[in-house]
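Since we're looking at a predicted model, the values are computed, not measured. Numbers here are sequence positions counted from 1. Counting starts at 1 for both ligands and their atoms, following the listed order.
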Amino acid sequence: MKKWRCTVCGYQYEGDTSPEKCPICGVGPNKFVLVEEIPDDLPDKEREAIQGLLFNVSYGLYIISSILDEKLNGMVSNTFIQIANTPLKASVCLGKETLTSEYVRESGVFGVSMLGKDNRSLISHFGCQSGRDVDKFKTLSYITGEKTGCPGLLETLCFVECEVEQTIDLGTHYMFIGKVVDGDGFSKEEPMTYAYYQTTQ
Ligand SMILES: Cc1cc2nc3c(=O)[nH]c(=O)nc-3n(C[C@H](O)[C@H](O)[C@H](O)COP(=O)(O)O)c2cc1C
């Protein structure tokens, strides 16, 4: 089994050859690079079947932001989730190659702007280009989180701030587990889901 990564949006795909088209940003196979060959104890057919079952997992979409040396950055993620109530804790998994994961690792803080169904344009803005090439917050309205300094996008539903308590190395990704330390609500629109984003593109 081989692992391929889209050089435009960071989407990762596992298969013997790169996919014909990136399901996230739509680019062709020449935009994929081979990341690694993965030893897999499951036969290909069984693996594909199990992967198909995992497509039933529901996800929301979020902009994960951070700040390092007064520079801001953020990316799209579908892996943010609340994991505890008292105290409030949440986790997110970010690809190691992303600039946002570097900022979160070094600063120990991240912010989460929760997307509504009207926030489609933010998904390509934050999910299909890297902060290494462009200042993603330059043209957008945001608040500065009082506890962490992370930016929260005003056109989204709401914003929470997290302080990292634990970082788990997952190989291709880091999982950041954080305490939720502050938050602001902006709008009561319906939340964006990954399924809605994919079926209405
Ligand atoms: C719908 C969608 C969901 C995504 N979810 C994740 C995710 O959960 N984890 C991740 O590492 N990248 C995810 N990405 C890819 C990153 O947002 C993308 O690689 C981004 O350009 C990284 O930006 P940065 O280098 O400025 O941090 C997603 C992209 C899209 C379009």
Side-chain angles (χ1 to χ4, degrees), residues 3-14 18-19 21-28 31-33 35-36 51 54-55 57-83 90-140 142 150-153 156-157 162 164 167-178 191-201:
K3 180 167 275 179
W4 305 83
R5 184 172 57 81
C6 173
T7 52
V8 176
C9 72
Y11 167 75
Q12 299 210 356
Y13 171 83
E14 287 169 16
S18 60
K21 189 177 167 195
C22 176
I24 304 295
C25 67
V27 295
K31 292 287 184 190
F32 278 78
V33 289
V35 183
E36 60 177 316
Q51 176 69 72
L54 289 173
F55 286 141
V57 177
S58 304
Y59 301 96
L61 286 176
Y62 311 93
I63 306 299
I64 308 300
S65 63
S66 196
I67 176 165
L68 186 67
D69 300 333
E70 296 181 11
K71 292 192 300 280
L72 306 177
N73 194 48
M75 63 183 270
V76 180
S77 172
N78 58 282
T79 56
F80 175 75
I81 187 168
Q82 181 186 344
I83 53 170
S91 70
V92 69
C93 294
L94 305 181
K96 285 182 176 176
E97 81 287 356
T98 63
L99 185 62
T100 311
S101 78
E102 272 184 40
Y103 279 25
V104 177
R105 257 181 83 76
E106 288 186 39
S107 67
V109 290
F110 63 93
V112 185
S113 296
M114 307 197 192
L115 298 183
K117 286 188 172 168
D118 288 343
N119 292 139
R120 176 171 290 277
S121 63
L122 292 178
I123 297 176
S124 44
H125 183 75
F126 281 93
C128 297
Q129 56 184 350
S130 176
R132 297 181 206 285
D133 308 316
V134 61
D135 177 354
K136 297 189 199 176
F137 280 91
K138 197 173 174 185
T139 55
L140 298 171
Y142 59 86
C150 295
L153 292 158
T156 64
L157 305 185
C162 300
V164 176
T167 301
I168 301 171
D169 188 336
L170 300 177
T172 53
H173 288 63
Y174 289 115
M175 175 185 264
F176 298 105
I177 296 181
M192 172 68 95
T193 64
Y194 204 155
Y196 179 82
Y197 169 67
Q198 283 186 313
T199 51
T200 55
Q201 282 199 82

(request) Give a yes or no answer on whether the side chain of Ser66 reaches the backbone of Val109 with a donor-acceptor pair at less than 3.5 Å. (result) yes
(request) Would you mind checking which non-hydrogen protein atom is closest to atom 26 (O) of ligand 1, with the distance to 0.1 Å? (result) Gly131 N, 2.7 Å
(request) State, without any angle test, whether Thr156 and Asn119 hold a side-chain donor-acceptor pair at a distance under 3.5 Å. (result) no
(message) One pair to check against salt bridge (charged side-chain N to carboxylate O under 4.0 Å, His left out): Lys96 and Asp169. What are the steps and the verdict?
(response) CA-CA 9 Å; Lys96 285 182 176 176; Asp169 188 336; 2.7 Å; yes
(message) Treating Asp135 as the side-chain partner and Phe137 as the backbone partner, does any N or O pair qualify as donor plus acceptor under 3.5 Å?
(response) yes
(message) Under 4.0 Å, heavy-atom basis, I'd like to know which part of Arg132 is in contact with ligand 1: side chain, backbone, both or neither.
(response) neither
(request) Using a strict 4.0 Å cut-off to heavy atoms of Asn73, name the atoms of ligand 1 that fall inside it. (result) 24 (P), 26 (O), 27 (O)
(message) So if I count the atoms of ligand 1 from 1 in the order they appear, which ones are less than 4.0 Å from some heavy atom of His173?
(response) 11 (O)
(message) Using a 4.0 Å cut-off to any heavy atom of Gly95, which atoms of ligand 1 qualify?
(response) 10 (C), 11 (O)
(request) To the nearest 0.5 angstrom, please state how far the OG1 atom of Thr98 sits from the CD atom of Glu102. (result) 7.5 Å
(request) Please answer whether the main-chain N or O of Pro151 pairs with a side-chain N or O of Ser65 as donor and acceptor at a distance below 3.5 Å. (result) yes
(message) To check your reading of the model: name the closest protein heavy atom to atom 14 (N) of ligand 1, its residue, and the distance in Å.
(response) Val76 O, 3.4 Å
(request) Pick, from Thr79, Leu115, Leu99, the option with the minimum heavy-atom distance to atom 24 (P) of ligand 1. (result) Leu99
(request) Could you tell me whether the side chain of Ser101 and the main chain of Gly95 form a donor-acceptor pair under 3.5 Å? (result) yes
(request) Pick, from Leu61, Thr7, Ile24, the option with the minimum heavy-atom distance to atom 31 (C) of ligand 1. (result) Ile24
(request) Please write down residue, atom name and distance for the protein heavy atom closest to atom 5 (N) of ligand 1. (result) Asn78 OD1, 2.9 Å
(request) Pull out every atom of ligand 1 sitting under 4.0 Å from any heavy atom of Leu94, numbered as shown with elements. (result) 11 (O)
(request) Using heavy-atom distances, let me know which of Ser77, Gly127, Ser124, Cys9 sits nearest atom 8 (O) of ligand 1. (result) Ser77
(request) Give a yes or no on whether the backbone of Tyr196 and the side-chain of Thr193 come within a donor-acceptor separation of less than 3.5 Å. (result) yes
(message) Would you compute the distance between atom CE of Met175 and atom CD1 of Ile83 and round it to the nearest 0.5 angstrom?
(response) 7.0 Å
(request) Number the atoms of ligand 1 from 1 as they appear, then name those within less than 4.0 Å of a heavy atom of Gly10, with their elements. (result) 19 (O)
(request) Classify the contact between Glu97 and ligand 1 as side chain, backbone, both or neither, using a heavy-atom distance cut-off of under 4.0 Å. (result) neither
(request) Tell me which protein heavy atom sits closest to atom 21 (O) of ligand 1, plus the residue, atom name and distance to 0.1 Å. (result) Gln129 O, 2.9 Å
(message) To check your reading of the model: name the closest protein heavy atom to atom 9 (N) of ligand 1, its residue, and the distance in Å.
(response) Cys93 O, 3.2 Å
(message) Using 0.5 Å steps for rounding, measure from the OH atom of Tyr62 to the CE atom of Met192.
(response) 11.5 Å
(request) May I ask you to check if Arg120 and Tyr197 form a cation-pi contact, with NZ or CZ under 6.0 angstrom from the six-membered ring centre and within 45° of the axis? (result) no
(message) To check your reading of the model: name the closest protein heavy atom to atom 25 (O) of ligand 1, its residue, and the distance in Å.
(response) Ser130 OG, 2.7 Å
(request) Determine whether any heavy atom of Phe126 lies closer than 4.0 Å to an atom of ligand 1. (result) yes
(request) Any atoms of ligand 1 less than 4.0 Å from a non-hydrogen atom of Thr100? List them with their elements. (result) 24 (P), 27 (O)
